[in-house]
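Along the sequence shown, the residues carry numbers beginning at 1. Both ligands and their constituent atoms are indexed starting at 1 by order of listing.
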Amino acid sequence: MARIGILSMSDGRDFVSRDIASFIADSAGSVAAALRGAGHEVVLADEIVTTNQIAVEQSRRLADQRVDLTVFHYAVWAFPHFTMLAAEATEGPLLLLANIDPVYPGMVGMLAGGGALDQIGRVHSRAWGDVADPDVLAAIETEARAARAVRSLRGATFGRVGGRPMGMYTAVANTDQWMRTFGVDVEEIDQWEVVRRSDLVEQSRVCAGRAWLEKHAAGVHYDGKQLTPELLERQIRSYHAMQELVREWNLDFAGIKGQPELTTHFATMDIAEAFLNDPYDWEGPKETVVTSTESDMDGALTMQLLKGLSSTPVLFADVRHYHADKDVWDLCNSGQHATWFAARSEDPGENLAKTHLYPEVFYFPAGGASVQHLAAPGEFTLARLTRRDGRYRLHAVRAEFEQYDDATNEAMMRQSTYEWPHAFARLHTDAATFLSRFGANHIHAVPGEYVAELRSICRLLDIDYDGFGDAA
Ligand SMILES: C[C@H](O)[C@@H](O)[C@@H](O)C(=O)CO
């Protein structure tokens with residue numbers, strides 16, 4: 001949930017503002033109550049803005065509370081320079097909210113303030129109407145979620161464990177542009193640290209992890225070569241090594257190169273990535289740590305934004321295949337999908353019961369377990385940050401994840417790489433449009449509807465929104 005500041009604008013003439021103060025306070029109170037009722041934290045300004053000084057003081061006070069979204073509330077005609085002074089003191093996302101009550105010219109106040117902000121190019125969003133109307137409340141909440149997701153990036157640190165894999169330009173971003181556009185710093189960490197620290201993990205933790213996986217997974221398919229208890233333990237060690245790096249380097253999210261050094265000479269990072277992205281591991285419930293395969297920077301950044309919206313694990317997948325006969329895509333990853341996607345259950349046992357650990361395939365001679373499952377059905381929002389000629393854009397598309405009878409699921413998974421995790425996605429766009437315009441090999445998804453938030457995020461970040469199909 002978001003932290004939302006509310007600042008009510010009013011008239012600069014004392015004999016007017018005096019008489020309308022209670023009307024404004026009641027209206028602001030209803031907005032605050034509705035947002036609190038929806039679970040948000042609300043910070044109401046101490047004073048209604050009736051002077052230039054109060055405009056600056058009160059907006060600075062809200063800014064000090066590091067609100068995710070600042071709402072300028074217009075229940076009456078308000079002197080527009082108050083809006084300008086308050087906006088000047090508000091560095092975060094800004095929403096102008098007018099109640100539609102003809103008794104007082106609140107709409108006029110909002111439009112005069114909004115027009116003035118447009119004149120100086122100050123990004124802001126607008127909403128209007130009675131907050132008792134669910135659509136009005138939903139519009140404010142959409143902006144609040146988008147604002148929180150964007151704010152959660154500012155000051156964050158991405159841990160890039162290993163550099164660019166396999167010449168993948170789409171996995172590498174410019175750190176200056178990241179700091180300027182998203183406020184995110186990048187720590188470059190050598191994969192050697194994963195190998196070095198893996199040896200230092202206590203054997204008891206490792207044994208407990210292997211026992212837990214063997215107990216709960218649908219199958220751990222040891223083959224004496226590509227997947228052995230020793231290799232699975234090495235992967236469990238690499239998971240704990242990554243957890244340590246996240247803690248010691250204060251990483252908010254991360255990416256692991258993996259290929260080719262680790263996947264050829266150490267073990268794959270599939271177990272590490274899956275459980276970093278999961279809300280649990282063999283030691284209990286935990287916070288998810290967004291971690292991208294192939295140290296995909298814009299992939300991880302997209303996932304961190306989606307996590308800011310949904311507070312769930314976020315899927316990382318290759319756009320691997322299109323089943324034209326079914327108009328369904330196989331989103332399958334040579335790395336991981338958090339096991340949570342197998343059943344989207346809060347009970348890890350339920351997800352693991354649909355998850356198989358298979359010996360890694362020919363690409364990965366170092367071996368280890370791949371984490372295989374088929375994502376549970378549901379409605380999803382998919383997104384991906386990419387760059388066109390250096391400028392960021394955010395692709396967005398709606399989809400349903402589907403499953404069929406066991407034989408059909410099996411046959412479809414065997415058409416690509418059976419041992420890897422899959423999601424069968426029906427995208428709300430046609431294949432030709434998608435393949436001709438989508439700017440990456442990886443895509444990310446969360447359950448639920450977040451298209452409006454993604455549009456707002458683009459406005460707040462001043463990047464291009466690129467929606468496909470009914471998300472256009
Ligand atoms: C195993 C291959 O190298 C895969 O990693 C490759 O196809 C990708 O997934 C690239 O995104």
Provide the full list of ring pair (Phe, Tyr, Trp, His ring centres under 6.0 Å) pairs with a residue in residues 217-245, sequence neighbours left out, each pair given once.
His221-His356, His221-Tyr358, Tyr239-Trp282, His240-Trp282
Name the orientation class of the two ring planes belonging to Phe158 and Trp178 (parallel below 30°, tilted from 30 to 60°, perpendicular beyond 60°).
perpendicular
So does Arg437 have more than 12 non-hydrogen atoms from other groups sitting under 6.0 Å from CZ?
yes
Pairing residues for Ala431 by the side chain to side chain contact (heavy atoms under 4.5 Å, CB included) criterion, not counting sequence neighbours:
Tyr322, Trp329
Close residues, ligand 1: non-hydrogen atom nearer than 4.0 Å
Met166, Met168, Gln259, Glu294, Asp318, Ser334, Tyr363, Phe364, Trp420, Asn441, His442
Using residues 63-72 as the side-chain source, report each donor-acceptor pair under 3.5 Å to any protein atom, sequence neighbours left out, with the distance given to one decimal.
from: Asp68; atom 1: OD2; to: Arg3; atom 2: N; distance (Å): 2.8

His442/Ser292 under side-chain contact (heavy atoms from CB on, under 4.5 Å): CA gap, chis, key distance, verdict
CA-CA 10 Å; His442 297 148; Ser292 61; over 6 Å; no
